[in-house]
Amino acid sequence: MRSATKNPLLKVVILGDGGVGKSCLMNRFVSNEFDEHSFHTIGVEFLNKDLEIDGQTYTLQIWDTAGQERFKTLRTPFYRGSDICMLTYAIDDKASFKNLEIWRTEFSYYADLKDNNAIPFIVVGNKSDVSSEHREVSMLEMETWCNENHITSCIETSAKNASNVQEAFRMAVQHWIRLESRADKNQTIVNDTVNLSKNQSDVKTSCCGGSGDETN
Amino acid sequence: MWNVIYSMVQRKERPEDFEDKRIAQVDNGFFEKFGSLFREQAEMAQTREQVEKEQVAEAAAQLVPKEDDDEEPETPPASVDSETSSSHSQIDENEFENDFIATAFNIDELYTEILYIILHNVGCDVNLEVPQNSLFSYAQDAFRVPHNKHLQLLDLAEKKEDPELIINVEVIEAKDLRPKDSNGNSDPFVTLYLASNTSHRYNTSVKPTTLNPVWEEHFALPITDKSIDDTLCLEVWDFDPAETVKEKLGKLFDVKGVKGMRKLVKEIAVTAATGQHDNELIGRAKIPLNTIPASGMTMWYTLDKKNKITRQGVLKVRICFSSGKNNQVAAQEHRHIRRIILVHELDVSKPAAYWWCENFGPEANQLLTQHIAQSGLSPTEVALCSYSVYAGIHQSHPLSFCIFSKLLEKLLKPLQTEMILEEDMKLFWEATRKLLPSCFAVIRRIRKKNANEKTVMKQVIEVLKIFNYVMALEPTNIDLFPQNLYPWITFHGDDPNCDIAGTLQDAISKGAGDWLNYLIENNKATAETALARLQNLIQLLQLVRSDLQKAIEFYDKLFIEHVNFQYAKSLYIFYQAKISTLCEPEVRQICKNLKTLDYSGYDFGNGPVNTDPTVDPLAEGTSLFDLYLTIQRFVTSGQDICPSDYNGFHIKNFHQWFHAGVAQWLDIAVYKALQRIEKAIELDQLVHIDTSVKYSSSAVDTLTIFYQVNTFWQQLNWPNVESCYTFIAKIIDDICRCCIFYAEKMASKVDGMGDIENIYEKKFEVTNEWCLAINNIDYVRETLEPFTNGLGMEEILKKILELKSPVDAQRCRDTLNMVISNAIDTVRNAIIELLQTVVQKMAPSMKRLLIEGAELCNQDNNSIDRLMSYVDRNLETMHRELNKENFNRTLEIVWDMLSQTLDEIIQTNLENRRPPSFFANLQKTLKLMLGAYKDPTDCTSCDSLKRTEQILRINGLETSDLIHEVHLELAKKFDELPESPYGEISFRCKFDGDVLQVEVINARDLAAMDSSGASDSFVRIHLLPEHKFSSIDKPKTKTHNKTLFPLYDETFTINLSPEQREIKDGLVLLSVKDKDMLGYNNQYIGEAFLRFKDIPITSESLSNLPQVKKWLGRPTSFEMDTIKALEHRLGDKQAKEFLKKFKQRLAS
C-alpha cells in the first residue's frame, strides 16, 4: 500500500505487441522479478512504484496492457488521462517494431490527444539480451524512427537481465518533468478547469501553447 | 452495507429527492433512463415498463391503422391478400357467377318451390310468426321476381299437389321411470302411434332392468291428415317376458323391499291365475301435432297414467317434419335458396364485414325452416349446406367466423364417422378451401387495430377453433393451400399441401414480417446519422417487444388452448432472426465508427467540444447503450419464451456486436458521473443533511452517482469474463478519479470560507463548512471499498479461476486489489491535503499569537488567553464536526505545523538575539497549549514537536544553566561509550552527610599526549554547575609523569553546604589533563562525569566501596542543541568563555 504522501502521481501506460515483454518490464521495474514463462496478460495489469528523481519522489501508476488484438477494446479505455506512454517492441521481432506506428496512433486516438507532443512517448526496445544474430532491429533504426516521429526518448532494455529497465522509466519521468517545466513557463493561458492532479493539468492545458518543436 | 445506510438517510431526508432530480436534470436523467434508482427500483421499473408499453402501443396504434390502407386496391400484387386481392376475388366472383347462372336455369322452378313451401307451411308456429303474404313479398324481393311472374308462378305452385309429409320421431331417452318389476327396476320399451291410426304402432327395443333407458331410435310416421289435428302418442311399457310361476318364484331372492314383494306376489298370482303374461304400462305422453314447430323440437315429456297422480317418469323425444323428397335434390335446392336469401339479407341489412352471424330476419328464417322441414333435410345436411353457402359468400362479403366454427362443431362428428357421401365431402373441402385464406388473413393481420381488442380476440378464437376442427378432420390429398393464394408458404412439396400447422407457422411469420417491413418502411430514420439510425432501431425493437408482450399476454394461451400451437415462441423465433439481421451490421458499423468523447483527461469543465456538429458521440454512445439494453431485454425474454431453442439463436451473442462500444460507454459513464458530481457540489448547501450524520448532501448525491455507475455496470451484464475483469479495473479507476474530482471540487468550494478580515486583524477560522467538506470526502472515500464489492469482483475472479488458471486469477485479483487500495490511498491523500490546507490557513494566526504570547507573557496574560481561545475555538469546531480519525489527523498536522512555526520563530529570534526569557515564555505558552489539547498518551507522531519543545527549553535557560545542560548531555553521552581512545579512570566516591569524598585510584591506557608516546597526567575534580560551587576549590592530583597507567591513589574530602548537597542534577567532573611543561597550557586527555544521584550515601570507609570505572570521553562536535544555543548568545561573556574552553576540550 502506498503511503499517505503527496507524491505527484504519474499514469504510465505500456503498449506494444503481444510477447515483447511488457509485463516483464513492469515486473522487473516494480519488484525486480523476472519470469521467463509468464502468461499472457488478461486485459490489463496494474502496479505502483515510487521513483525518486532529484530528491522528488514520483508515484508511478503503471498500467500494463494486453497486446493481443482481441484485447483491444479492453485496453483502450485506459489510455485516457495517461501521463506517459511507453511504446515497446522486441529487438528480435521486426514486426513488433513496425507496429509501433499503429500503437502510437491507437494511443493518440483513444487518449484523445490534441497534440502528440503533449504526452511523453518513450520507445523501449526490449530483449536487448538476445544475441546479435537474432537481432532484427538496430539501434539506428530505432533512433531514426523516433526522430521521424519527434520522439526524443528511446532506450534498449532487457527485462531478463535487468539492464536499463530502471533507466527507461527514469528517462520517461525525466522527459515528463521536462515537458512539465516547459509547460509551466508557457502557462500564459490559464485554464480554470480542475484536473486529477495539479501537475498533470498543467501539461494538458497548456501544451498547445506551442514550442513542441524542441524535439526536432 | 452502505446501501442500507443510504436508504436510511434517504428516508429521513425527503428534500433530497428534490435535489436529486435537479442533479439528474444536468443530463436529462442520463442514468435514470438506463437504470432505475434503487429507491423504488422495482416499482419504477414497473411503471417505466408500463409507460413504455403504453407509448409503444400508442406508437403502434398510430402506425398500424395506416396499414389498412394497403387493403385498398393499390395493394401491390406481391403481397397478395387473400380476400381482397383482385386476382382472388375474381376467381370468387367467377365461381359465384357460374353457380348463379347454373341456378338461373332453375330460378323459376326454385321460386315456385319457395311459393309452394309458403303455401304449405307446417308446424304449430306458422300462424304466430310471419303472415303468408309477407313471406310472399319477401320471397319476391329476394328472388327479384317481377310481380306478374310472381302471380304466374304462384298459380303454378297452388296447383301442385299437396306435399307428402312425414313426421320424424327420435325416441332418445327416459328418466326416473317408476319401477314395475319386483327387483325395483323395469324393462322399458316405447310404443308410438298416431291417434288417428292406433293400429299402426311402432315399438322401440326393450332396455332391460333400468329406470333410465337410452334408446336413440328413429321412426318416420306418415301424416295422412293434412289438417294436423292428429296427436302423437308415446307409451312407455314394462316388458314382461314369458315366465312360469316357477321362474317368478326364483326371483324371490332379487326382491327389493315390501313393495317389490307385493308386486311379485301379485305377478305370481296373475300368472298363476291366467297362465299368461302381460306387459305393464308405465306411462303415456300425448303430443298434438299442432304444437310442433316447423323447425322441429326436442323436448322432455312427462309420462302420466290414468288414475295416477304421481309422475311416472319423463321421456325425451325429438320430433320434426320432413318430406319424401330426394335428399340430394333437397340439399341442392336448399343451398340455392339459402344463398339467394343470404345475398338478399346482406343486401338489405348491409352488415359490417365479419359481423353477420346467421341472424336472418324472421321471413328468411321461416322460409328456410319451412324448406328444411318440408324437404326433410337432416341437421347435418343443413349444416353442410350452410357451411358451403357461407364459405362462398364469405369470399365476397366476410361473415362472422363464429358461424363457421359453430357449423364445423356440428359437422365434425358426422364427417369423422364418414356418414357423409363422397360428394358432400368434396363440397365440404371446397368450402373449407374457400374459407381458410380469410382465416389465415386474420392470423396475419392479428396486429390490426381497426376494431377493438376484444373483437380481434374473439375473431382469433373463432379462427383458431376453425383450424382445430379442420385439423381434427385430417385432410388428405387436398390441395388446401394453392400456391396462388398462399405465395408466402415456405413448404412446397410435390404432394397437395394440406399442412395447417405449417401454414399457420408461415402465416404468423408472414404477418409479423409484413408488419415489421411496414414499420421499417414507414418509420425510416429521419436522418442518415448513426444517432437517428440507432433511435430508429430502438423504436422498432420496442414495438417488436410490445408485440411479443401482447402475444404472450393474449394470444399465446389461445393458440395453445385451441390448436396446441406455441404462438409466442414461433413469433419470437421469427423476430430474433429478423432483428439479428437488422441490427448486427448496423451496430457493428456504428461501433466501428464511434468517435471518442472529446474531453481530454477529466477536464470537462466546458463539456465536450463538438468539432463536427453532425456527430454527437455522447448521444450516439447513449443511444447505442439504449439499444444494447433493449436487445438485452429482448434476448432475456427469449430465454423464457423458448428455453429449448435459446442456445441456437444467433441473437444470443448480441453483445459481440457491441464489443467496440463498451469503452465508449465507460467513458460516457465517467463523464456523466463527473458532470453530476459537479452539479451535486454546486447544489450542496454544506449543511448536515441530518442531525445524526456529519456530512452534507453532495456526499450522498455522489454516492448515488456511484450507485448509478454500478447500476449501469449491472445492466451491461457483459457475459465475457476477461472483459468484465478489465472493465471492473477501469470502473474502479474511474470511480477513484471521481472521488478525487469530488475532493478537489469540494476543496475549492470551501476555499475562501472562514477568512475573516477586519481593521484589526486578518485571520482564518475553521468553519463547519470546512469540516463538512472534509467529512464529505471521507464519507465518499469510505464508500469506495463497498462499491468495488458491489461490482461483483469476486464472481468474476471465480470465473477466471475456472476458465483460466489459479495463477491468472491471482494476478487479476492482485491487480484489482492494487487498483482499489491505490484509489483509497489517493483519496485519503486528498483528505490529508485538505486538512493541511486548513491548518496552513490557521498557521499565520497561531504564529502571531505565539509571538505575542512570548513577548508579553509576563506582563499580560491576555495574549495567551487569546491564543488559547483561538486554538480552542477552531479545534473545538473540528472536534465537534470531524470524525475521530480525521480529527486526530488534524491534530497531528496542527502539531506538525506548530513545531514548524516555532522553529521559524526560534530561528528568527535567535538571530535577533532575544533574551532567554523570550524562549522561556514561548515554551510556557506552548506547554499551556499542549497541556490543554494534547492527549499525553498519544504522542506517537509528535517527535518534531518534542524536539522543538526541547530547543525552546534550552534557549529559554540562563547561560549558566545552559552550560550545565551541556555537561549533563555530555555525561549521558560518555556513559554510553563502549570504549575510548583516551583511556579509563578508576575511582571511588561517597557522600557522608554534606561531605563528599572522592578517591582517584588510577587511570589506564591513557592517550599519549607527548611526542615520547607517554603523558604527564593529573586529575582535577570539578563540581558542576560551576556557578553553584564557586565557593569550593577544584582539587587536583599530583602529576604522574611519562606513564599511560598512572596510579594516583589520592583521596579528596570536600565539604559542601546543605544547599549545595541538595542540588539535584549536580555533577562531579573528573578531568584528566596532560601537564604542559610550562604549566601554562595543559592539554585535555579526557573527562568522566559522575552524577550526585549515583554517588552512594554511606558512612563506611571508601576502601570498602567498589571501584567505579569510567571511560574517558571528550565532546566530539559543536553539533549539540545546547552548544548552538550558547553560540547564539554572542554578547554573553560567560557563554563566550565556555565555548572557548569547550573548543579546547573537543576531540581532535
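Quick caveat: nothing in here was measured; it's all calculated off a predicted structure. Per chain, numbering begins at 1; letters A, B, ... match sequence-line order.
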query = Of the backbone (N, CA, C, O) and the side chain (C-beta and beyond), which part of B/Asp733 lies under 4.5 Å from a heavy atom of chain A, both, or neither?
reply = side chain

Residue among A/Ile42, A/Asp64, A/Thr76 with most heavy-atom pairs under 4.5 Å to chain B = A/Ile42

inquiry  = If we define contacts as heavy-atom pairs under 4.5 Å, which of A/Tyr110, A/Phe71, A/Tyr79, A/Phe78 has the most with chain B?
reply    = A/Phe78

For the [atom1] atom of [X] and the [atom2] atom of [Y], what is their distance to the nearest 0.5 Å?
| X | Y | atom1 | atom2 | answer |
| --- | --- | --- | --- | --- |
| A/Arg80 | B/Asp734 | CZ | CG | 9.5 Å |
| B/Cys812 | A/Phe46 | SG | CZ | 14.5 Å |
| A/Leu47 | B/Asn822 | CG | CG | 10.0 Å |
| A/Glu45 | B/Asp814 | CD | CG | 8.5 Å |
| A/Asn48 | B/Met818 | CG | CE | 6.0 Å |
| A/Leu74 | B/Glu722 | CG | CD | 7.5 Å |

request  = Check whether any side-chain heavy atom of B/Thr726 lies under 4.5 Å from a side-chain heavy atom of A/Arg75, and answer yes or no.
outcome  = no

query = Side chains of A/Trp63 and B/Val819: does their closest heavy-atom pair fall under 4.5 Å?
reply = yes

note = For B/Ala729 and A/Val44, the nearest pair of non-hydrogen atoms, with its separation, is CB-CG2, 4.2 Å

message = A quick test of your reading: do over 12 heavy atoms of other residues, nucleotides or ligands sit less than 6.0 Å from NZ of A/Lys160?
response = no

inquiry  = Counting only heavy atoms not in A/Glu167 (residues, nucleotides, ligands), do more than 12 fall under 6.0 Å from its CD?
reply    = yes

